[in-house]
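Quick note on labels: first sequence line is chain A, next is B, and so on, each numbered from 1. None of the values given here were measured: they were computed from a predicted structure.
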Amino acid sequence: MEHIYFDNSATTRVDPRVAEAMMPYFDKWYGNASSLHSFGREASEALDEARERTANAIGSKSQEIVFTSGGTESDNLAIQGVAFANRDAGDHIITSAFEHHAVLNTCRFLETQGFRVTYLPVTSVGMVDPELVKEAITKRTILVSIMTANNEIGTVQNVREIGGISHDNGLLFHTDAVQGIGKLPLEVNKDNIDLLALSAHKFHGPKGVGALFVRKGTNLRPLVYGGGQERGLRSSTENIPGIVGLGKAIELSKLELEENVARMTSVRDRIIDGTLVGVTGCRLNGHRVRRLCNNANFRFDYIDGEALVLNLDVKGFATSTGSACSARSTEASHVLKAIGIESEHARGSLRITLSKMNSMAEAEAYLETIKEVVTRLRSISPVAMLSKQEGGA
Amino acid sequence: MEHIYFDNSATTRVDPRVAEAMMPYFDKWYGNASSLHSFGREASEALDEARERTANAIGSKSQEIVFTSGGTESDNLAIQGVAFANRDAGDHIITSAFEHHAVLNTCRFLETQGFRVTYLPVTSVGMVDPELVKEAITKRTILVSIMTANNEIGTVQNVREIGGISHDNGLLFHTDAVQGIGKLPLEVNKDNIDLLALSAHKFHGPKGVGALFVRKGTNLRPLVYGGGQERGLRSSTENIPGIVGLGKAIELSKLELEENVARMTSVRDRIIDGTLVGVTGCRLNGHRVRRLCNNANFRFDYIDGEALVLNLDVKGFATSTGSACSARSTEASHVLKAIGIESEHARGSLRITLSKMNSMAEAEAYLETIKEVVTRLRSISPVAMLSKQEGGA
Amino acid sequence: MPYNRKVMEHFTQPRNVGEMKDADGVGKASNNVDGDLVVIYLKVKDEIIQGVSFQTFGCAAAIASSSMFTEMVKGKSIEAAQRIDKQMVAEALEGMPANKVECSILAPEAFRQAVEDYRQRKESSLRKNGVYLAKE
Amino acid sequence: MPYNRKVMEHFTQPRNVGEMKDADGVGKASNNVDGDLVVIYLKVKDEIIQGVSFQTFGCAAAIASSSMFTEMVKGKSIEAAQRIDKQMVAEALEGMPANKVECSILAPEAFRQAVEDYRQRKESSLRKNGVYLAKE
Ligand SMILES: Cc1ncc(COP(=O)(O)O)c(C=O)c1O
Ligand SMILES: Cc1ncc(COP(=O)(O)O)c(C=O)c1O
C-alpha cells in the first residue's frame, strides 16, 4: 500500500528538482568554498547563487543571509545572538507562550543568564494580540520574537503589525518563519522584520540546513567560533550541497507560491469540513481563517492522539499529534495548553499538514479512513463513563 | 583535462557508496525521526544505526555520540560546553598555539567570558610536549584540548599520553580528531579521550554533519536549545541523510583503514621525497615521521603560495597553501608561525593532502608539474635580490 | 517509540474489548495527569475468572496491554491473576519501549478494583440472602 | 577569491618579465609584512619609456598587475606613466577581488623608484661628463 504523507510540518519530501540540483556537489564539485582552486571556485559560486536565491525569496540583500544548520540554530543565533550582543542596551525579551521550543527553550536559557522574558498569552484560536506586545515593552526591552505561523495549529500572526510596533519602539523584531516559507508571501522590508529564521526541510529542501536573515547593521554574537565563514557569524566549512538545495527549494517555493497555496488550501478545506461534518465529537483547533494553507488540527473526544496516529499509520496515513518534536513525551503539548485546551481534549488531537505534493484524492481517502478509525477507537474506549465524568465535572 | 584533487584536508569527495546510502533518505524515507508513523520509524532506525556505526568506529558506546553540523560545532560544543557547565569547578583551559580556529577562536571567546587559557607552544616540527601540559595544570584547570593531528602540517600528537596526564589530574580531555578519522586508529577508551570531535566531509562523508563523542557522565551546556534532540545536547530535526552518510563513511573508513593508510603513505612518501630531491630551495614543514599518512607540506623559497596554488590549478592540480579556512587572508598561517617559520618562507608554503582516491600515477604527474611551475614562478620572481636580502639579514 | 509486532497486533486487534452488561465485578483505574482510563469487567465462578473484558482510553500501549492482560487472566484463579503485574504484561507482549512500561499499570490496577467490587457485591448479596460470614 | 580571465591570463602569461641588464633605471618596492617585492627595470629615451620589465615576488594579483602595469607604461612619457595608479591597473585588468586591489600598489611604487633611479643616474652621468644642470 502506498503511504499518504500528511505530516509536512514535521518535515517534507525533498523535491526531485532540488535533489537533482544537489547531487553534483557530493562527488563532482565537492570543493571547499574557501579553497583557491577550481573545485573551491565552483563551490563558492554555488554558495553565492544560493545566497542570492534565498535573498530574492524574502526580499532581502544577499549579504543579509547567514546559512545555518536549520531552524533551531537560526532561532538560537537570532535570540542568543541579539541578547548577548546587546546586553548593555537591555535585558528584556518579549515572545509568546506558544512559540516553537527552539524559541521558548532559548528564552528559558536566557532567563538563567539574567535576562527577563515576557511570554505573551495567545487567544483561544492562537492569536497574539499586538496590543499586548505594545503593553509589554519596557525601557529594558531589546527584542520582540513572535513566530510567523504556529507549527501545530497553523495560526498566522500579524507579523507586519507586530514588527511595526517593535520598530516604532526602536526594538529588533525576530520572527520564526520556519512554517511560513512556501505558504505565505514574506517580504522582510514590508513586513518590518529584522531577523527571520527558516529551515530548508520544511519546504522540500534537505534536512540539516537553514538560514537566518540578519538585517544589515544588526549586531549578533555568534554561537560558534572558528574559521570565520558567513561573515564570522557561523564558522564551519559550508554545507554546499545542502545550501544549494535550500537555494533551489526556496526559489521554487517562491515561483510556485500561488498555485501551491491554492492547491493546499482546497485540499485542506475539504479535510477540515469533511472531518467536522463526518465525525461526531470533533472540533477544530486554531483559527478557521488566519490559518496556514496546509494545516488542519482537530481534537476528538474520548480517544488518544497516539492511538489515532498509529491506527491511521496502519491504514496508510502519516499524521501527527502535537508537534513532532514533542512526540517523545505523552504530555499535552504546550501549544494546546496555551490556547486553553486541557486534559482529555488535548489528548485526542490530530494534526494533518499538507504539502504541494498532496492531492484531493488523498483527502477523500483520509475522510473515509478517519471515520472508521475514530469509530474503532471509541469502541475500545469507555466512552459512556468518560462522558458521564465530563458531565459531572 | 581531468583535475587531480590534492586538497583532502580541506574536504573530500563523497564516496559513491556513501552517496548511495544517503539518497533514499531525501525522497523516500524522508520522515522526521521524532514522528510516530512509519516514515518516522524509518528515520529513527537509520539514526540508531548510524550512531552505532560511529560509536563502533571510535570504540565508544552509542549513547555517547552526539550528531552535530560539523567539526566546528563539535569543537565548540565540547569546549564551550565544558567551560560553561563546569564554571564552579574552575576557569582554566589548556590548549596549543596551533589548534584549528574552531578551537583557538572558541578559547579566545572564552577569554572574553572570564576564562583563562594557556596556549602551549609547539616544537619546530609541530609537537606538543606532554611535559608542558603537565606543568601548565593549575587548581583551576578544567579542560585540556589538544588536536589529534594538525590540519596544515599533519603532525600527529601523543594523544594517549596527554589524555593520560589529564586523567591523572582529574581533568577532562578533548581532542579535535577532525583530521584523524580514516587515517589513525583511534579508540576513545585506550586513548584516554573524554570528548572527540569529528566531521564527515573530511573522510568522504557529506559536508554539514559531524559528531562529538561525549564520555558518559560528562556535563556539557548545549550551544542551542529547542526540541531536545540528541539527549538535549543538540536540538534540531536530525539531518538523517547526512547522519546516514556520516555513519556509512566512518564505517568504511574503519574497515578499510589499513589498506587506505598504506596506500596514502606510499603516495605521500613519493611526493615528499620526489619534491625534496627534484626542486631546489624547498623544505618540508612538520615532522617527517609523526605525520598524517596523507599530508605533505613544503615551503619553496622566493615564490608565493597563492601563485603556486593557482598555477598548479591551471595545470590541473588542486592544492592549498596554509589551511583552507585562512585562504581569505594573505597573512602567513598561525600554524606556520607557531612552528617558527616567518615571512617569505611561510609565504611559499604548499600543502598537498591525499585521500584513498589518489594514486601513485597522480604523484608522478605532480612531480613533473611542480618542477615546471616552481621554475616558472622563480623566473618571474626577483630571486637574486631576495637571496641577497636574506644573506644580509 | 517503535512498538513491536506483538504490541501492534494487540493494539489493532485487541481481544476481549467492550462493556459486559452482566459482569460480576467492575473496576476502573485512571491516571489523572494524562486522563487515561481503563475499565475491567469480570465474570467469576468459584474464584475462577470465567470471563473478562476491558475498555481503555489511552495510548496504543495502554490498549495493547489491556488486551494482553485480559488474555492472561482468563481462566485463572483470582489469586493467581492478582499476581500479574505490568512487568509480566510487558514481557508477554515481548517488550515495551522503556517510557511506555508505565502505560501497562492501569489494567492490573483496574482488575484489583474489579475483584474488590466482586467481593463487595458477593458479600452484600450473601447478606441480602441472610448468609453471614464470620469476620475476625 | 576568484580572479577573472584577464587577471589569470596576465598571471599565467605575464608580459615583460625578467631582469634587464642594461636598464637606465631600476626601482623596487616591497611590502614588509607579507614580504612582497616588485622590481621594475626601465629603458628611457627623451622622457619616453622605450622598454620596461619587472620581477615580482607576490601573489597572482601582484604578478598580473605588474604585467599589466608594464604594458600600460610602455611607450608612454614618464609623466603620463606616473599618473597610472593601482585603480587604473585594476580597471585595465577588468576588475580585481576587493581584498586584492592593494596587491596592485607595488608596481606603480617600484616604477616611481625606477624613475627616481633613472633621474639620479642621469644627473650623475651628466655631472661626470661635465654638464651641470642649473638647480633652483
Ligand atoms: C516553527 C518552528 N520553528 C523551528 C523549528 C526547528 O527547525 P529545525 O528542526 O529544522 O531545527 C521547527 C521545526 O521543527 C518549527 O516548526
Ligand atoms: C582540525 C580541524 N578542526 C576542525 C575543523 C572544522 O570542521 P568543519 O569545517 O567541518 O566545521 C577542520 C576543518 O575545517 C579541521 O581541519
Side-chain angles (χ1 to χ4, degrees), chain A residues 3 5 7 10-14 16 19 26-27 30-32 34-40 69-73 75-76 100-102 105-106 108-109 199 201 206-209 223-229 235-242 306 309-310 313 318-321 324-328, chain B residues 3 5 7 10-14 16 19 26-27 30-32 34-39 69-73 75-76 100-102 105-106 108-109 199 201 206-209 223-229 235-242 306 309-310 312-313 318-321 324-328:
Chain A
H3 247 73
Y5 188 75
D7 198 12
T11 192
T12 57
R13 183 177 160 211
V14 172
F26 286 116
D27 62 358
Y30 49 84
N32 185 317
S34 300
S35 297
L36 292 173
H37 46 67
S38 53
F39 293 86
S69 69
T72 301
E73 188 186 337
D75 281 330
N76 275 262
H100 189 271
H101 284 121
N105 288 343
T106 302
R108 290 201 187 115
F109 161 65
S199 185
H201 72 99
K207 293 179 177 59
V209 58
L223 298 167
V224 298
Y225 298 85
Q229 289 90 344
S235 293
S236 191
T237 302
E238 298 90 344
N239 173 3
I240 302 294
E306 190 210 87
V309 166
L310 283 175
D313 185 46
T319 62
S320 81
T321 178
C325 301
S326 55
R328 283 182 188 126
Chain B
H3 247 74
Y5 188 74
D7 197 13
T11 192
T12 58
R13 183 176 162 210
V14 172
F26 287 116
D27 62 358
Y30 49 85
N32 184 318
S34 299
S35 298
L36 292 171
H37 47 68
S38 54
F39 293 84
S69 68
T72 301
E73 187 185 339
D75 281 330
N76 275 262
H100 189 271
H101 284 121
N105 287 343
T106 302
R108 291 202 186 115
F109 161 65
S199 187
H201 72 98
K207 292 178 177 59
V209 57
L223 297 168
V224 298
Y225 297 84
Q229 289 90 344
S235 293
S236 191
T237 302
E238 298 90 344
N239 173 4
I240 303 295
E306 192 211 86
V309 166
L310 283 176
L312 282 168
D313 185 46
T319 62
S320 81
T321 177
C325 300
S326 55
R328 281 180 189 129

Distance col, row B/Glu238:CD vs B/Ser34:OG, nearest 0.5 angstrom, shows 5.0 Å
Max heavy-atom pairs within cutoff under 4.5 Å with chain B, candidates A/Ala19, A/Gly70, A/Gly242, A/Ser235, goes to A/Ser235
Here the gap from A/Thr106 atom OG1 to A/His100 atom NE2, rounded to the nearest 0.5 Å, amounts to 10.5 Å
Note: vs chain B, highest number of non-hydrogen pairs under 4.5 angstrom among A/Arg108, A/Glu73, A/His201 is A/His201
Most contact-rich option vs chain B, by heavy-atom pairs under 4.5 angstrom, among A/Ile240, A/Leu223, A/Val209, A/Asn105, is A/Asn105
With sequence neighbours left out, the residues meeting ring-ring contact (aromatic ring centres under 6.0 Å, His included) with B/Phe39 are A/His3, A/Tyr5, B/Tyr30, B/His37
Of A/Gly208, A/Gly71, A/Ser38, A/Ser69, the largest count of non-hydrogen pairs under 4.5 angstrom with chain B goes to A/Ser38
Rounded to the nearest 0.5 Å, the NE2 atom of A/His101 sits from the OG1 atom of A/Thr72 at a distance of 11.0 Å
With chain B, the option among A/Ala102, A/Pro206, A/Pro241, A/Ser199 that has the most non-hydrogen atom pairs under 4.5 Å is A/Ala102
Across all chains, not counting sequence neighbours, the side chain to side chain contact (heavy atoms under 4.5 Å, CB included) partners of A/Val309 are A/Thr319, A/Thr321, A/Leu350, B/Leu36
So, the part of B/Asn76 with a heavy atom under 4.5 Å from chain A: the answer is side chain
